Structure formats: C-alpha cells, structure tokens
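Values in this document were obtained by computation on a predicted structure and should not be read as measured data. These values consider heavy atoms only, across backbone and side chains, with no hydrogens, waters or symmetry-generated copies. Note that ligands are numbered from 1 as they come in the structure, with each ligand's atoms numbered from 1 the same way.
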Amino acid sequence: MAVSSAPGKVYLFGEHAVVYGEPAVPCAIEVRARVGVEQRSDSKLRIHAEDLSLDGFTVEYGGATDGPPDVDVSESLLTAAMGYVDGAIEQVRAITGEEDIGFDVTIESDIPLGAGLGSSAAVAVAAIDAGTRELGTTLEIDELAERAYRTEYEVQGGQASRADTFCSATGGAVRVEGDDCRSLEAPDLPLVIGFDGGAGDTGELVAGVRSLREEYDFAADTVDAIGDIVRNGEAALAAGDLEELGRLMNFNHGLLSALGVSSRSLDSMVWAARDAGADGAKLTGAGGGGCIVALDPTDETETALSYTPGCADAFRAELSETGVKRLE
Ligand SMILES: Nc1ncnc2c1ncn2[C@@H]1O[C@H](COP(=O)(O)OP(=O)(O)OP(=O)(O)O)[C@@H](O)[C@H]1O
Ligand SMILES: C[C@@](O)(CCO)CC(=O)[O-]
Ligand SMILES: [Mg+2]
C-alpha cells in the first residue's frame, strides 16, 4: 500500500476570478487529507471514506456484472462524494497505462467537505500521488499538480483553475494565473478560520458567477477588479503589511458578495471578525457556505467567532510549508 497526504488551503485573494485568468493567492494550511491506495487482484474499485460528513462509508464497484453500488446513502450524495476519487483513479490509470487494475482506496481527512478549504484538491492530489506510487511511478510535483487539476476540471464541469491543486501539491503560499503557477515568499500569517458547519457546491457556484459575468458587463468588471486586488495583495504580502492585506481582503469579500457567492452566515462571521479587531476577513474558496478566513495576531477574533450565531467552529490555522507528503 502507498499512502500520501496533502494539505487544504485558504485563499488570501482571488478565488472565482482565477477561473477567468485573473491571478489568485491561496496558502496551504496544516489540515490534511490522507489517502491510502492498494492494488487489488481484480479490476474493482473499493473506496472507504472515514471522515465524510456522511459518517463514513464503504463502496465497491466496477465489475461488469455489478449493479449500482450498494451503500446506505442517497445516490446524489454518493455521486458527489465519489467524483474526485473516481477522477483521481482515472488519472492514475492513464498515467501508468494500467487501465484494468483495481484498487482499495482509504481516505481519512481533517478537511471539512465543500467548505472552501480545498478538500477536493487535497483528496485528488493525495490519491493520484499514492496511486501512481503504488504502481511504481513517482511523479514530479508539477506533473502531480497538473493531473490533479485535470481531475477538478472534469468533476467541476470544465470550469476550474489550477490554484487549489497546485497549492495543495506544493504547499506554502502560491500565485496562480492561468497555467503560470509559482511559489511565493510569505511571512507567517496570523490566520483564523470560522466555519459555519455548512458547505457550498463548487461547480454550481462557479457556474453562477459565469452566467452573471456573461449577462452583465459590471459583473465582468467586478471579476477584473478582483484581479487588481490580487496584484495589490501580492505587494502587501511581500512587505508583510498585515493592515494592507486585511483591507484588501475586506474589499475582496465585498466583491465576492456582489457576485452572489457569500451567505448570511459567512457575512456574519466576516463582520464578527472585523468587529473583534481583525485586520481583515473574507470568505474562502467557492463560498455559498463553509469558511471565512481572518487575519488577527490576537485571540480576539477566535473568541468572538466562537460566540457568533451561525459559527460552528473557530480555529487558528498554521501555514503548511509542505505540500504532498509521501508517508508510506
Ligand atoms: N474525505 C473525503 N472523502 C471522499 N471524498 C472527499 C473527501 N473530502 C472531499 N471529497 C470530495 O470533494 C468534494 C467537495 O469538493 P468541493 O470542491 O465542492 O469543496 P472543497 O474542495 O472542500 O471546497 P473549495 O473547492 O471551495 O475549496 C466532495 O463532494 C468529495 O467528492
Ligand atoms: C471557486 C474556485 O476559484 C476556488 C474553489 O476553491 C474554483 C477554482 O478555482 O477552480
Ligand atoms: Mg474544491
């Protein structure tokens, strides 16, 4: 068996706009998905997921005579849950040319699902890395990131950027603009996360922004303006200027909100963080529900969030300098 882990991420700036070629700056954080892959003697795929919000499940399928997978969860939930793992295994088969090999895949993840912390990218990166190593191929990090991106691209209906997958594969803070992906020097940032306990569907949220952008020039301008925020944010990051970073994060949240991807609970966590004295706060990832990220070197924001109605969990996140880890 080969086991790899990969980190989740928060966006300092630029989610959604990055899908249309604007730059974005995500940072890997120390919450991880671990994926174990073991070759089988038949061509079936058996997936055991420990930490899905479904309380874990096991599914086995793939034989020619098999009916639908036999599990105790609704089919739509299952399809959503299986998409990235299936896609990652398809990449492993394509890379190694071993089209008929079956696998036992075990996933354990500390990253809440669909909450903006990049669980899909971490699962795709770790699964492709472990799967290829199980078959004797060790990928360069750039190739791993590219393969994981293709998985996200397909599952998200042809609309994805390289940001989440590159960040998860390489770790640290990164800058992604189209297919130009690079690592950034970043100071140790005082990141605080607020989680509303909910989730958003990345594919649907991306599609919503796409149609607004097609319908209204001012929505397209909003997307372009997010790109301008990112370019300013890079300079603030290089200078370690927390106050300026925070101001730009606040602005970025406002524009994401205008594009319809915030929610009442995300907005109230953002305001709780600002009221508590955070340098800035914004939603992270696709939005719709899930997490916000705030900058605050003191304990005030974490404490305020823990008393905020609609916030299910508040915690400090450490930047993860390491991307994929090859554990076994
Ligand atoms: N522990 C896990 N086991 C199996 N599949 C998982 C696991 N964690 C995430 N996934 C897959 O990732 C999907 C969630 O991805 P989605 O892109 O919607 O959210 P996210 O990556 O958490 O947030 P964002 O993209 O906004 O950062 C799940 O539906 C599932 O397919
Ligand atoms: C919303 C989005 O920009 C980030 C999701 O974490 C989608 C993507 O980049 O693929
Ligand atoms: Mg995702």
*May I ask whether A122 has any heavy atom positioned less than 4.0 angstrom from an atom of ligand 1?*
no
*asked:* Show the atoms of ligand 1 that are less than 4.0 angstrom away from any heavy atom in A286.
replied: 26 (O)
*Backbone N or O of V3 within a donor-acceptor pair of the R133 side chain at under 3.5 Å?*
yes
*Output yes when the distance from some N or O of ligand 2 to some N or O of Q159 is under 3.5 Å, and no in every other case.*
no
*Give a yes/no verdict on whether any heavy atom in E15 is under 4.0 Å from an atom of ligand 1.*
no
*Consider ligand 1: state whether an atom of it lies below 4.0 angstrom from any non-hydrogen atom of D164.*
yes
_With a cut-off of 2.8 Å, does T202 put an N/O/S atom close enough to the Mg ion (ligand 3)?_
no
*Looking only at distances, please establish whether an N/O atom of ligand 2 is found under 3.5 Å from an N/O atom of E15.*
no
*atom 9 (O) of ligand 2 [closest protein heavy-atom partner, distance rounded to 0.1 Å]*: S161 OG, 2.5 Å
*asked:* As a check for students: among V123, V85, V35, T202, identify the option with a heavy atom nearest to atom 25 (O) of ligand 1.
replied: T202
*ligand 1 atoms in contact with A115 (distance to a heavy atom under 4.0 Å)*: 22 (O), 23 (O)
*Considering the heavy atoms of Y84, write down every atom of ligand 1 situated less than 4.0 Å from one of them.*
11 (C), 12 (O), 13 (C), 15 (O), 17 (O), 30 (C), 31 (O)
_Run the side chain to side chain donor-acceptor pair (under 3.5 Å) test on D221 and Y216 for me, step by step, so that the C-alpha distance in whole Å, both residues' side-chain angles and the decisive distance to 0.1 Å come before the verdict._
CA-CA 9 Å; D221 293 344; Y216 300 110; over 6 Å; no
*asked:* Over 60° means perpendicular and under 30° means parallel, so tell me whether Y149 and Y153 are parallel, tilted or perpendicular.
replied: tilted
*Based purely on interatomic distance, does D201 place a nitrogen or oxygen under 3.5 Å from a nitrogen or oxygen of ligand 1?*
no
*Around atom 2 (C) of ligand 2, find the nearest protein heavy atom and jot down its residue, atom name and distance.*
H16 N, 3.9 Å
_Distance filter under 4.0 Å to G285 heavy atoms, resulting ligand 1 atoms_ = 26 (O)
*Selection from V209, D164, V10, V19 by shortest heavy-atom distance to atom 5 (C) of ligand 2*: D164
_Sub-4.0 Å atoms of ligand 1 with respect to non-hydrogen atoms of S109_ = 1 (N)
